[in-house]
Amino acid sequence: MSSFASLAPSNYSPGELHFSSPPIARDALAVSPLDEPSQTPPKLAIAAPPLDLTSLPPPNPTKRPRHPRLPPSYFTGRPDSTDNYLNLLALLRRYQTLPTVPPAQAPRVAWRTVTQYRLLVGEPVRASKYHKIVEVLQRLNRIHPSVIPPDLSQAMEIYKRDVDPYAVKKKPAIIDEDGRAYGVGRRKSSSAKVYLVQGEGEVLVNGKSINKVFGRIHDRESALWALKATGRMDKYNVWALVTGGGSTGQAEAITLGAAKALMVFEPALKPALRRAGCVTRDPRRVERKKPGHVKARKMPAWVKR
Amino acid sequence: MMIIRKALIRLGRRIAIAPARSWTRALATEVDIASIESSPSNSLRDTKSIESQVQNETVKVVPQIGGRTQSTQNLLEDNTAAKYAQLQQHKKLTNPLGSRIAPHYQPHFLVNDPPRPSDITLELLLASQAHLGHKTSHWNPINSRYIFGIRQGIHIISLDVTASHLRRACRVVAGVAERGGLILFVGTRPGQDRCVVKAAQMAGGCHLFERWTPGSITNGHQILGNCRTKVVDEYDREISGYDEELRDRPVLKPDLVVCMNPLENWVMLHECGLNAIPTIGIIDTDANPTWVTYPIPANDDSLRCVQVIAGVLGRAGEEGQKSRREKAMHGNVTYTPSALATGVSTKRGRMGRSREDTRGPQ
């Protein structure tokens, strides 16, 4: 029953109901099965009887009157997000004639993700609905920064992420007071820390000479490929600390680390090093063995029966 | 003789084997081209021209977009604000100039400044295409009492009947608003959202312009139970201290539902009927008038007609709210206090106390 069952006076009883027209009996509207045997019965909804609004209830000043107040979007099931969307649309209508900038020149903003917005409002918002909100925000963000009203910028702040990822600036790599540049490289499960200084071309890996560490010529060459490819073998000394993995992994890890350290000294070498294949971190790792397979991919011999 | 010739041949071979020094070694940033070209990942093997090699040696600056970069800083420094202010000034001066345009239909007026119940005229309804029904073959014969006739294969609705039903609906909406009832305006077709929201705002009620979740009334605890509410007094000021009762309360139902497209919302109208909630609806020639308590025979397919009807009903609700507040100012509360604090919730029933006992008489 409605919480306002007492809209009629307190002496309300069914016998005093007022009807504008005689109520339609349910039987009269029912369809006899003999008339339309094959069709489904029509949708019958008997509306509630009309209200009696002829008199107001008597005033009762004894008790302090109180009744619940609902948000306007209560019956949508998602009141806060619906009201947010309506507010944004109202703002857009008000400020749609202000001058705008092309999208590429508008300030770059990281809007909240769907998950973050759901947490904010505490409602199960549909992703498509939130994308509509973001579309309106992007249009509002295109308003020229010099004419944007303060209440609009304030309204848009709520939808921005708590931490602005575009405000994060990478710290520039430096050459420290000892003249060393530092680079980290990884390959397979090996990790290498490589220090480069101006020098004659000496190389030490884990405190040992490179000939002792890498028995294969291929490994030695690939470890210092960054310097060899750019012709700087005699210009820098290399100090590398490498752990994990095997010989090839460690050698390739030193490649990447040395290339990064070299780019600190000479940033202009980046295109050359990229062509030499020293700049990209090789993401390949050993693939795990799966059930039903002998190895990661190898399967046991197929048997007909 | 042969020794010298052999020596010369050996010398020639040595010269042929030794690689020619590349001219790029003269550049500041020297690179050994041979080792790069022998590298398997060299993608420039095909383009061996010197120009491309030189181009790739030089560092290119890619323009960045983000934060307060050069371009955005330039935006703040250009005189757009001044030019816009100039434009506004110019508009103010030139707007009064020119010929006067006679009052005419402007779509946004229907939503921003809707007509009042006193503005209901047959001319307004005719201009809003309220008389246009559907094809004669699509009619519901119960609606024959509302139909004026047939023209060009469609039924024409009697506008005097429309006007009288609309005025009755306005009195119902005003009466419910005056008694502090909750009115829900529903219009789920595209484009009806603005007028429905405006009508709900004027009548102090709720709106719905997207799909009605079936069970919002019959299964309200499940669907709408999480939405927060607050308690207000007769002057619409919020009263604190009812958090407990609000948590335990049964879910609220509207006291009157106004539906702009009953054909699509028959589930909602059925739920209202089950819960004795009276309904108002725009009944076209193909709709069933028994689905609603107070039908308004009109054209539900014309957005202009729907905006007029929603606007008029919203204005009626506004008048009802105004009347209620005026009566409250004179100490006449037009509704009985809600069962919020006087009803027994499950929690307090167990505790065996009511709020009045703990707080004393108010």
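Just so it is clear, the values below take in all heavy atoms, side chains as well, and ignore hydrogens, waters and symmetry mates. Here is the naming used below: chain letters follow the sequence lines, and residue numbers restart at 1 for every chain. No experiment lies behind these values; they were computed from the predicted model shown.
Neither the backbone nor the side chain of Thr280(A) comes within contact range of chain B, judged by heavy atoms closer than 4.5 Å. Neither the backbone nor the side chain of Lys83(B) comes within contact range of chain A, judged by heavy atoms closer than 4.5 Å. Only the side chain of Asp80(A) comes within contact range of chain B, judged by heavy atoms closer than 4.5 Å. Of the two parts of Val197(B), only the side chain, counted from C-beta on, holds a non-hydrogen atom closer than 4.5 Å to a non-hydrogen atom of chain A. With a 4.5 Å cut-off on non-hydrogen atoms, Phe209(B) touches chain A through its side chain but not through its backbone. Residue contact with chain A, scored on non-hydrogen atoms closer than 4.5 Å, is absent for Glu271(B). Proximity to chain A (any heavy atom under 4.5 Å) is restricted, for Leu184(B), to the side chain, taken from C-beta onward. For Leu98(A), the parts sitting under 4.5 Å from any heavy atom of chain B are the backbone and the side chain alike.
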Determine, step by step, whether Arg194(B) and Arg93(A) satisfy the side-chain contact (heavy atoms from CB on, under 4.5 Å) criterion, reporting the C-alpha distance in whole Å, the side-chain angles of both residues, the deciding distance to 0.1 Å, and the verdict. CA-CA 12 Å; Arg194(B) 282 192 70 190; Arg93(A) 276 196 297 275; 3.3 Å; yes

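Residues Thr279(B) and Ala47(A) approach most closely at OG1-CB, 4.2 Å, considering heavy atoms. Summarising the geometry of Leu53(A) relative to Arg171(B), their closest heavy-atom pair is CD1-O, 4.2 Å, with the distance given to 0.1 Å. Minimum heavy-atom separation, Pro49(A) to Pro278(B): O-CB, 4.2 Å. Taking each heavy atom of Tyr74(A) and Leu252(B) in turn, the nearest pair found is OH-N, 3.9 Å. In terms of heavy atoms, Leu51(A) sits closest to Tyr294(B) at N-OH, 2.8 Å. Between His144(A) and Leu75(B) the shortest heavy-atom distance is CE1-O, 3.1 Å.
Residues Ile223(B) and Phe75(A) have side chains not in contact (no heavy-atom distance under 4.5 Å, counting atoms from C-beta outward). With contacts defined as side-chain heavy-atom distances shorter than 4.5 Å, the pair Gln201(B)/Pro72(A) does not qualify.
Here CZ of Arg78(A) is found 10.5 Å from CG of Leu224(B). Values are rounded to the nearest 0.5 Å. Here CG of Leu208(B) is found 9.0 Å from OG of Ser73(A). Values are rounded to the nearest 0.5 Å. In this structure, CH2 in Trp212(B) is found 10.5 Å from OG1 in Thr76(A), a value given to the nearest 0.5 Å.
Under a cut-off of 6.0 angstrom, the local environment of NE2 in His108(B) is crowded, with over 12 non-hydrogen atoms contributed by other residues, nucleotides or ligands. Atom NZ of Lys327(B) has more than 12 heavy atoms from other residues, nucleotides or ligands within 6.0 Å. Within 6.0 Å of CZ in Arg281(A) there are more than 12 heavy atoms belonging to other residues, nucleotides or ligands. Taking a 6.0 Å sphere around CD of Gln198(A), one finds it holds more than 12 heavy atoms contributed by other residues, nucleotides or ligands.
Between the Thr293(B) side chain and the Ala48(A) main chain, a donor and an acceptor come within less than 3.5 Å of each other.
Between chain B and the options Val147(A), Leu89(A), Leu70(A), heavy-atom pairs under 4.5 Å are most frequent for Leu70(A).
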